[in-house]
Structures are given as structure tokens and as C-alpha cells.
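Right, one structure below, let's go through it.
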Amino acid sequence: MNAVKGLYNRADEWAKGLSRVSYAAFLGLSAGIGVLVVNLLLSAELALVQSLTMALVMFSLKCVFGLHQTTEE
């Protein structure tokens, strides 16, 4: 359990160090890949279009409206 928590903490620190645009790109890319994988597993039509749309929407919303926290509260 400590190994998983340590991995999470390292990934969290890495993500906090990203700029707002880099964080938005990472979030958009991971959302798009997730949608693509699920659509391919479910053999949905237009899987590539749906995944690209999700990636673009997540990137743009996070880049414009996202509050990228870089300090501990």
C-alpha cells in the first residue's frame, strides 16, 4: 500500500510542477486516450472522433477555466 501511495505522491508532485497549459494538455491527452480505449473495447462507432472531441474539450476547458493549484492548502 505504501508503494502505491508513494507513486501517487510522486505523480501528484510532478503534475503540480506543470504550467497551466501543460497540465491542460496532459489532462486532455489522458481523457482522450481513456475515451478511445473504452470505445474500442465497446466497439462503438466513431471512436476516434469521440476521443479527439473529448481531448479538445477537456484541454480547452481546463486551459481557460481551470484553476491549476500549485501551492499546498
Side-chain angles (χ1 to χ4, degrees):
M1 188 67 171
N2 288 335
V4 174
K5 189 171 183 175
L7 181 62
Y8 172 79
N9 288 335
R10 280 189 285 164
D12 187 46
E13 288 299 318
W14 173 79
K16 284 181 182 178
L18 295 175
S19 68
R20 188 163 92 172
V21 174
S22 297
Y23 185 75
F26 172 70
L27 185 67
L29 182 66
S30 62
I33 290 172
V35 169
L36 181 63
V37 168
V38 169
N39 279 335
L40 290 176
L41 289 175
L42 298 177
S43 66
E45 294 181 14
L46 302 172
L48 187 59
V49 173
Q50 289 177 353
S51 65
L52 288 174
T53 303
M54 177 60 82
L56 181 63
V57 168
M58 291 298 290
F59 170 76
S60 59
L61 287 176
K62 191 64 174 175
C63 193
V64 173
F65 299 111
L67 299 174
H68 182 57
Q69 180 180 344
T70 58
T71 60
E72 200 75 24
E73 287 185 8

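FYI, the numbering just counts along the sequence from 1. Since this is a predicted model, take the numbers as computed values, not measurements.
- Clustering of Ile, Leu, Val, Met, Phe, Trp and Tyr by side-chain heavy atoms under 4.5 Å joins Leu41 with Leu29, Ile33, Val37.
- With hydrophobic clusters built from ILVMFWY side chains whose heavy atoms lie under 4.5 angstrom apart, Val64 shares a cluster with Val57.
- Here CG of Leu61 is found 9.0 Å from CG of Leu56. Values are rounded to the nearest 0.5 Å.
- Summarising the geometry, atom CG belonging to Leu52 is positioned 11.0 Å from atom CG belonging to Leu46; distances are rounded to the nearest 0.5 Å.
- If you chain together ILVMFWY residues whose side-chain heavy atoms come under 4.5 Å of each other, Met54 ends up grouped with Leu27, Val35, Met58.
- Closest approach of Gly32 and Ala55 over heavy atoms only: CA-CB, 4.0 Å.
- Residue Val4 shares its hydrophobic cluster (ILVMFWY side chains chained together at separations under 4.5 Å) with no other residue.
- In this view, Ala25 and Phe59 satisfy the side-chain contact (heavy atoms from CB on, under 4.5 Å) rule, not counting sequence neighbours.
- Rounding to the nearest 0.5 angstrom, the gap separating the CG atom in Leu48 from the OG1 atom in Thr53 is 9.0 Å.
- The nearest pair of heavy atoms linking Val21 to Cys63 is CG2-SG, 4.0 Å.
- Every residue two or more places apart in sequence or in another chain that forms a side-chain contact (heavy atoms from CB on, under 4.5 Å) with Val38 is listed here: Leu42.
- For residues 27-42, the set of pairs meeting the side chain to side chain donor-acceptor pair (under 3.5 Å) definition, not counting sequence neighbours, comprises Asn39-Gln50.
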